[in-house]
Amino acid sequence: MTGWLAALERSARARAKAGLTRVLRPRPAGDDVVDLAGNDYLGLAVHPAVIEAAASALSAYGLGATGSRLVRGSTEAHATLESDLAEWLGAEQALVFSSGYLANLGAIRGLAASYVVSDAYNHASLIDGCKLSGAEVVVAPHADPSAVAALLDAAPGRDAVVVTESVFSVDGDLAPLAELHEVTSARGALLLVDDAHAVGVLGPSGAGAVMAAGLAGRPDVVVTATLSKSLGGAGGVVAGPAEFIRHLIDTGRTFIYDTAPPPAVVAGARAALRVARDADDRRALLASRAASAVRRLGAAGFAVTRPAAAVLSVPAPGPEAAVAWAADCRDRGIAVGCFRPPSTPDGSSRLRLTLNAGVSDRDFARALDVIVECAP
Ligand SMILES: Cc1ncc(COP(=O)(O)O)c(C=O)c1O
């Protein structure tokens, strides 16, 4: 293969021309930016109990898991986190992966469907999971149960799965989970819900949107989530019927052929889970912040999305404007997400704000002012 670097250079220039270059910016330890860009919704990444649990597992087990759990053994940290997760999410069993991305790849492939209906706004990890599954994949219009029903009806007799996020990662809206389940259960299909942005934030004791919709523990529902958002750590989880978890342990390639998440991170995530279950005050704060962001930004003339949890987005006129807007905010000490294609589901660009209960009221109010003042 000759000229491949020149070809990469040409495509880099095309991305730059379209305003789609991505830049890695340094992040100093203990930076004092106001974080409206990360996914640490409950502020637990820095909670003392979480750090203490992680530090103690770090000295007990060392830095990494040193191998897959099937090869190197399953630590108590992994096993106890899994039983706590299963109990919290109301599932029969749970299995931890080294990332939410890999949990999605493993879960969708593990369902062994021949026909997958995937929401048009699904996260990249779900899209890749659908591709990897080897099934025929059809994309359904966003959050549209009757379109999903029509697509299932068009493929009678197939082993079908419907795949959706609960709280969508860019716009922060909530999928109509109960209606989708009515559609799937009436047709003998399975429902896979990625509850990444809802676990810890929505539902009783923060048990997520699947629990809030009354679907937890159903034999035809599989839940995936990540430990990297409201639990402040890293890693992913699949929760569902015991037979399915058994199947993933025996056959799930992203479980078997991947080093387990580090025991220290897993122990920290378990401590975070325990705090999260009792964090109704933090959840209430997020809900009131979401409402005040909509009010403040709406009053300034922005068509903000209606946040179902702690994610909302603000439209930008184009990719360059979104980049400049986010950079101006950062220069004034406010970190916001800048989302451009292909990270946005509809080809438009926006700022994405993710709320963090660890941010003070004063900083949050200042952040909203700065976002308005820096608008293009
Ligand atoms: C909806 C959704 N699912 C899965 C993931 C992947 O999770 P992880 O970062 O743990 O790989 C993300 C984001 O990171 C996400 O937003």
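Note that ligands are numbered from 1 as they come in the structure, with each ligand's atoms numbered from 1 the same way. Numbers for residues simply follow the sequence, beginning at 1.
Cluster membership check: L312 does not share its hydrophobic cluster with Y121, using side-chain heavy-atom separations under 4.5 Å among Ile, Leu, Val, Met, Phe, Trp and Tyr.
Here the closest heavy-atom approach between residue L177 and residue L215 is recorded as O-CD1, 3.7 Å.
For a heavy-atom separation below 4.0 Å, the residues in contact with ligand 1 are S99, G100, Y101, N104, H123, S125, E165, S169, D194, A196, H197, T226, S228, K229, G235.
D195 places no side-chain N or O within donor-acceptor distance of the main-chain N or O of A225, the cut-off being under 3.5 Å. Distance alone, capped at 3.5 Å, is enough to place a donor-acceptor pair between the R340 side chain and the T21 backbone.
Remark: of the listed residues H142, H123, H197, H142 is the sole one forming a ring pair (Phe, Tyr, Trp, His ring centres under 6.0 Å) with F168.
Note that CG of L231 and OH of Y41 are 12.0 Å apart. Values are rounded to the nearest 0.5 Å.
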